[in-house]
Amino acid sequence: MILGNLASSVGNVVGDITGLNKPSKNTITGSVVIVKKNVLDFTAVHSTVADSLFELLGNQVSLQLVSAENTDHANENGGKLGKLAALEYWNLTYTPLLAGDDSLYKVSFEWDEEFGIPGAIILRNNHTAEFFLKTITLENVPGEGRIHFICNSWVYPDRRYKKPRIFFSNKTYLPHETPAALRKYREEELQVLRGDGTGQLKTGDRVYDYALYNDLGDPDKGADLARPVLGGSARYPYPRRGRTSRPPSKTDPKTESRLFLPTILNVYVPRDEQFAHLKLSDFIAYNLKGLVNQIIPLLEAFVNYTPNEFDSFKDVDNLFFNGLPLPTDLINQVANNIPLEMMGEFFRSDGQQLLKFPVPKLIEADRSNPFAWRTDEEFGREMLAGLNPLLIQLLKEFPPVSNLDPQVYVNQDSSITKQDIEYNLDGLTVEEALSRKRLFILDHHDTIMPYLQTINEYTEAKTYASRTILFLRGDGTLKPVAIELSLPKMEEDKIGCVNKVYTPAEHGVEGWFWMLAKAFVNVNDSGHHQLVSHWLNTHAVLEPFVIATNRQLSVVHPIYKLLHPHFRDTMTINALARELLINANGIIERTFCPGKYSLEMSSVIYKSWNFMDQALPND
């Protein structure tokens, strides 16, 4: 017995000395893919030099494994933490010269059986500059094999964060299925993304928070640039936007102050929502030529006889075929108002000082027929193949009726008669065309009428509410058979309307009236597309879902992974739109007939928006 105990004790001592009784230690190797900081195609050289010096001083990019299986009471029951490991050979790894190219780094972690399977990685950037972390891959993890971490996130210097950055492995968990060791980190990450609702948000922050549309007006520049706050009221309901937290304007404390060129590209959105380099280049290339009319009023001199209007079709053609020559003083103003890296996108590479737009395909196909767009066939084709086809509805009752509030409006139903259209229905009666589902309507009556008097009295534009009846012909094309234009008319204490019906004609005065009627329909359809179908029903209504998803669903939630790809760039596009497009005296107000009432009008339309009506089976 004594000899047996002695032998056991000696064995334990020898085991401790040799390490045979300790959990087996292994090394897990990993690869890390990073894109270093660049500005468009220019490498941030000063940051690269500083980071190299920091590496020599021991301030490295460090990573730390987090166990998904075993908790640590000393770590508030969060997953056990591994030892810190640094990215290897930062200064010796080739850095690509072009923006967006990857750099691959290696890392080695100590691991033992008591640690378990890693489920997350804490990363600290101890350099001076941010970098874009694409992926982390662990190889030959005992009992698991390869573990992949899809990160796709900008990582700023660690001193910028209250808590270090954490990235979870590419697995999905519902909240109640999340391993206990990871729950603490999952909740802490969501708290970071929610923020505390205070303080000014800065570039690099990751906070997703809500705000009203109180940043469209610029009352400090004059009362004519003041705009109502959209959202938060029964009068002006609107989706929420992302909080930018700029200080209020001096004139109106309810209105947020604005940015000006060239700082508009610095409008706050969470860092990972900002454009990638290629997307930013595309935005500059495709939008700067539209922006120039906003930032350089001098261009208005080119429409010389009637300001803000084209004097002839030749003026329109010149935009496509010849371009507009820009004077030297205009070029200097552009150079003083936009960032240097944008200049190459503005001017032609051959050095000519021209503002030139791409030729429309219809005109490009047949240069000998510059008026091909005037035919009824082309009118119907563009309506169906164009930007706003989903507004075309099957006509179910004739004549069409209005859904405007009868407490406010009266006699708003259509005045189009059977006699107006039956001679253009290929021998069918109206009843036969309805039953065979060959009559359609493009209805811009109810959306335009509430603001029509305001538009016509208080803006430079003049327009009508419109209804367009379309006939589906035997060859599968749509052809307009009647257009009704309406103006408001007070009838005692309610708003009635005066209707005028136009039918197809090719010659004489009637032919010109018909062409103008189609032009007013296109004006309404284009405006509705930009303000309602595109901006309101696509961009604006989606932003609260982007914010809520990031505030409430962890990156490991399966619904988050399904939704996230569809949210890409939305917050950035919306933020830039508020600075350039939908702001007071912005491009939308200056090019669409509602003018300064454009966004206010979209707010009224939003009152009837219903989430459940946006997809099958309701739509």
Side-chain angles (χ1 to χ4, degrees), residues 211-218 221 224-231 236 238-242 244 246 255-269 273-275 279-297 299-300 308 334 337-339 342 345-346 355 357 387-388 451 455 459-461 523-543 546 569-603 605-606:
L212 304 175
Y213 275 76
N214 65 342
D215 60 343
L216 303 179
D218 193 2
K221 286 190 172 183
D224 60 318
L225 295 180
R227 296 294 181 269
V229 175
L230 302 183
Y236 297 123
Y238 223 62
R240 295 295 190 269
R241 65 171 178 90
T244 47
R246 296 195 297 266
T255 299
E256 190 170 275
S257 58
R258 295 190 54 76
L259 297 174
F260 302 97
L261 284 169
T263 58
I264 53 172
L265 293 179
N266 296 328
V267 58
Y268 174 79
V269 293
E273 300 292 338
Q274 294 180 17
F275 284 155
K279 181 70 175 182
L280 181 58
S281 296
D282 287 345
F283 177 82
I284 293 170
Y286 294 123
N287 289 281
L288 192 56
K289 289 180 179 179
L291 169 64
V292 72
N293 190 48
Q294 164 71 6
I295 62 175
I296 308 294
L299 277 179
E300 295 173 357
N308 299 317
V334 172
N337 280 281
I338 66 175
M342 293 187 183
E345 303 289 357
F346 184 75
L355 181 64
F357 292 84
L387 296 172
N388 206 31
Y451 268 79
I455 293 170
T459 75
E460 295 180 354
V523 166
N524 288 343
D525 204 39
S526 174
H528 189 283
H529 159 70
Q530 283 287 15
L531 289 174
V532 182
S533 300
H534 185 189
W535 164 252
L536 176 62
N537 290 348
T538 304
H539 284 271
V541 299
L542 187 62
E543 188 159 358
V546 180
D569 297 329
T570 297
M571 290 189 71
T572 297
I573 292 172
N574 289 2
L576 291 172
R578 298 195 306 271
E579 300 301 319
L580 299 171
L581 298 177
I582 64 173
N583 57 300
N585 205 35
I587 292 174
I588 294 295
E589 288 194 1
R590 298 180 69 174
T591 54
F592 290 91
C593 67
K596 65 181 292 185
Y597 303 101
S598 294
L599 268 289
E600 185 179 323
M601 181 174 162
S602 73
S603 170
I605 294 173
Y606 180 64

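In this text, all values refer to a predicted model and were calculated from it rather than measured experimentally.
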Test of understanding: with salt bridge (charged side-chain N to carboxylate O under 4.0 Å, His left out), list the residues that count as partners of R240, not counting sequence neighbours. none
Where do R578 and N583 come nearest, in terms of heavy atoms and distance? O-CB, 3.1 Å
When I587, I573, T591 are each screened for side chain to side chain contact (heavy atoms under 4.5 Å, CB included) with L581, the one that passes is I587
From L576 atom CG to D569 atom CG, the distance as rounded to the nearest 0.5 Å: 10.0 Å
Locate the shortest heavy-atom distance separating A575 from V269; write the atom from each residue and the value. CB-CG1, 3.7 Å
Is any side-chain heavy atom of T244 closer than 4.5 Å to a side-chain heavy atom of V267? yes
Between I588 and L531, does a side-chain contact (heavy atoms from CB on, under 4.5 Å) hold up when you go through it step by step? CA-CA 8 Å; I588 294 295; L531 289 174; 3.5 Å; yes
Return yes if some donor-acceptor pair links the side-chain N/O of T538 with the main-chain N/O of S533 below 3.5 Å, else return no. yes
Show the nearest heavy-atom pair for residues F592 and G527, with the distance to one decimal. CD2-CA, 3.4 Å
Donor-acceptor check, side chain of R246 to backbone of S257, threshold 3.5 angstrom: yes or no? yes
Side chain to side chain contact (heavy atoms under 4.5 Å, CB included) involving L387 - partner list, sequence neighbours excluded: H529
Any idea which heavy atoms bring P239 and A540 closest together, and the distance? CB-O, 3.4 Å
Please identify each residue that fulfils side chain to side chain donor-acceptor pair (under 3.5 Å) with Y236, with sequence neighbours left out. E600
Output yes when a side-chain donor or acceptor of S526 lies under 3.5 Å from a complementary backbone atom of V523, and no otherwise. no
To the nearest 0.5 Å, tell me how far R227 CZ sits from L599 CG. 9.0 Å
Output for pair (L216 CG, S598 OG), nearest 0.5 Å, gives 11.0 Å
Taking ring-ring contact (aromatic ring centres under 6.0 Å, His included) as the definition, give me every residue that meets it alongside Y213, ordered by chain and number, with sequence neighbours left out. Y238
Write down the atom of K221, the atom of L225, and the distance for their closest heavy-atom approach. CB-CD1, 3.7 Å
To the closest 0.5 Å, what do you measure between CD (E543) and CD (E273)? 9.0 Å
Got a sec, which residues hit side chain to side chain donor-acceptor pair (under 3.5 Å) with N537, two or more places apart in sequence or on another chain? none
Answer yes or no: is there a side-chain heavy-atom contact under 4.5 Å between I455 and M601? yes
Straight-line distance of I582 CD1 to N574 CG, nearest 0.5 Å: 7.5 Å
Here the gap from C593 atom SG to E460 atom CD, rounded to the nearest 0.5 Å, amounts to 12.5 Å
The salt bridge (charged side-chain N to carboxylate O under 4.0 Å, His left out) partners of R241 (sequence neighbours excluded) come to D215, E256
If only atom types and distance count, is the side chain of Q274 paired as donor or acceptor with the main-chain N or O of T572 below 3.5 Å? no
